[in-house]
Amino acid sequence: MDHFNAKSLQENLLEWFEANARPLPWRNRPSLYGTWVSEIMLQQTTVAAVIPYWEKFMHQFPNVHALAGASEAEVLASWSGLGYYRRARNLHKAARMVQEDMGGKLPTSRRQWQTLPGVGAYASGAIASIALGEAVPAVDANARRVLSRWFFDDPIMAGNLRPAQLEKMGGQLVVPQQPGKWNEAVMELGATVCRAAAASCEKCPVLDQCKAGLAGVALQIPPSKKSEPAMVIALATLVVRRGDQVLLLPPDHKEALPLAGSWALGRKDTSGLHQGLWNLPASPWYAGNNSTGSALEDGEFILTWLEKRLHLSKTEIACSRLRMASFTHSITKYHLEIRTWEVLLSNDWSWDNSDQPMCGQFMSLPHLLPVSKLVTKSLEMFNQGNV
DNA sequence: AACGCGTGGGT
DNA sequence: TACCCAAGCGT
């Protein structure tokens, strides 16, 4: 790396960052705790999505003591809609570890931070450099892309770089006097100028030291990896209402309905999905390229649920004013085609579940519970004439 | 090491 | 529109 001037690169980028840093809330009101929360939320998640969640979370749990004192359900409820819920569970678990094992004091070194669940190589470097001034790298996807472009104009070479090599390269460039500013500046450049699919090299403050940029091949570096097309899945959810209440299944609920044999085929194991969240009754997942056949399966699912679980009589089912709405929702590599069915029970309907353990509860305020977007969207379908 | 885990916005 | 991918981590 003697073909370029590291000092000039550092000065130019830091100067650019001074003038162009976005006024993000965790920058405007910096704290060790707030930095931690922001770094966890920002994992695989856009700044725009995080901002309102960070504001609400910091208001609700202003310090690690408050976070440790809250229940996991409260934390997950605050996180609802942001995705990757394991982050929230780990954040809460880590807060309790801080409270119980560290005397309520947040770690003061990268090494200590990395012992907490959910804080890995990147987050520990980011927290330690930004909030503690420790001269360590924080190499995320932005930094990996920026570093790759600075040093390589060959897509093959760049594609062969291991994360550890990039971390090492990043470590060489960290400005010891202001490591946090430097790491933030590299990421900010990647997020706003040196973007993956739309690099704006003409706006780059360090183009004169960038191999890929000077060669005009920035967009080819790093090479994008081909991904499998999303699998199309058919699925039904059930919105059972009694007055202003909705039937929800608790987080640990495991469906055990006596389903027809064909339902077991193509079923996805969803045990790791939406852990800790309340759910609507939902059919198993069926792989398929069209949803034309799902109405029949929906019917079997709904009847089974209403008869076996809720013990509704045929007369009650007939009077339940069934409505259906459909929508789509993507979860990682799955494209869900969802048909959601609303069942209206009378206000005085009472659940005869004396002969079996309770499998769900009628809740008035789902927004205070941890729920996924799958649930939120299903409920919203019946609020605005989408039926 | 490859995979699972959510969701929304940009192109 | 149908992708791509975004301040990763744990297993």
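Reckoned from all heavy atoms, side chains included, excluding hydrogens, waters and symmetry mates. Just so it is clear: chains get the letters A, B, ... in the order the sequence lines come, proteins before strands, and each one is counted from 1.
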Nucleotide nearest [X] when distance is taken to its side chain, options [options]:
X	options	result
A:K373	B:dT7, C:dA7, B:dT11	B:dT7
A:T46	B:dT7, C:dA6, B:dG6	C:dA6
A:E39	C:dA7, C:dA6, C:dG10	C:dA7
A:A198	B:dT11, C:dA7, B:dC5	B:dT11
A:R195	B:dG4, B:dT11, C:dA7	B:dT11
A:K333	B:dC5, B:dG4, C:dG10	B:dG4
A:R27	C:dA7, B:dT7, C:dA6	C:dA7
A:S372	C:dC5, B:dT7, C:dA7	B:dT7

Test item: A:L247 and A:L345 side chains (from C-beta on) under 4.5 Å apart, heavy atoms: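 When only atoms from C-beta onward are counted, A:L345 and A:L247 do not touch, as no gap falls below 4.5 Å.
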
Flag side-chain contact, heavy atom, 4.5 Å: A:I331 against A:H274: yes

Starting from [atom2] on [N], measure out to [atom1] on [X] and report it in whole angstrom.
X	N	atom1	atom2	value
A:I51	B:dG8	CD1	P	16 Å
A:H329	B:dG6	NE2	P	10 Å
A:E228	C:dC5	CD	C1'	17 Å
A:R87	B:dG6	CZ	C1'	8 Å
A:Q43	B:dG4	CD	C1'	15 Å
A:Y334	C:dC3	OH	P	16 Å
A:E380	B:dT7	CD	P	12 Å
A:Q114	C:dC9	CD	C1'	10 Å

A:N142 and A:R145 side chains, donor-acceptor separation under 3.5 Å: yes

Short side-chain donor-acceptor distance under 3.5 Å, A:Y122 and A:E39: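 A:E39 vs A:Y122: donor-acceptor pair found between side chains.
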
First of A:L42 and A:V119 reached from the 5' end of DNA chain C, by closest nucleotide: A:L42

What nucleic acid atoms does [X] come within less than 4.0 Å of, heavy atoms only: base, sugar-phosphate, or nothing?
X	value
A:A138	nothing
A:A191	sugar-phosphate
A:I130	nothing
A:P117	sugar-phosphate
A:A143	nothing
A:G81	sugar-phosphate
A:L82	base
A:A197	nothing
A:W79	nothing
A:A141	sugar-phosphate

State whether [X] places a side-chain N or O below 4.0 Å from either non-bridging phosphate oxygen (OP1 or OP2) of [N].
X	N	answer
A:R144	C:dA7	no
A:S227	C:dC4	yes
A:Q44	C:dG8	yes
A:Y85	B:dT7	yes
A:H274	B:dG4	no

Pairwise [atom1] distance for [N] and [M], with rounding to whole Å:
N	M	atom1	answer
B:dC5	C:dA6	C1'	14 Å
B:dG6	C:dC3	P	22 Å
B:dG9	C:dC9	P	24 Å
B:dC3	C:dA7	P	23 Å

Heavy-atom donor-acceptor pair, A:R86 side-chain to C:dC9 base, under 3.5 Å: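 When only heavy-atom distances are counted, A:R86 does reach the base of C:dC9 through a donor-acceptor pair under 3.5 Å.
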
Side-chain-base donor-acceptor pair under 3.5 Å for A:T45 and B:dG6: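 Per atom types, the contact qualifies.
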
side-chain contact (heavy atoms from CB on, under 4.5 Å) evaluation trace for A:Q245 with A:S364: CA-CA 4 Å; A:Q245 297 180 314; A:S364 298; 3.3 Å; yes

Working for salt bridge (charged side-chain N to carboxylate O under 4.0 Å, His left out), residues A:E342 and A:R241: CA-CA 7 Å; A:E342 184 187 50; A:R241 296 186 193 277; 2.6 Å; yes

Qualifying residue, where the test is side chain to side chain contact (heavy atoms under 4.5 Å, CB included) with A:S378 and the options are A:T340, A:V246, A:N279, A:L238: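 When A:T340, A:V246, A:N279, A:L238 are each tested with A:S378, the side chain to side chain contact (heavy atoms under 4.5 Å, CB included) holds only for A:T340.
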
Test log, rule salt bridge (charged side-chain N to carboxylate O under 4.0 Å, His left out), inputs A:K314 and A:E307: CA-CA 8 Å; A:K314 298 239 189 284; A:E307 288 180 4; 2.7 Å; yes

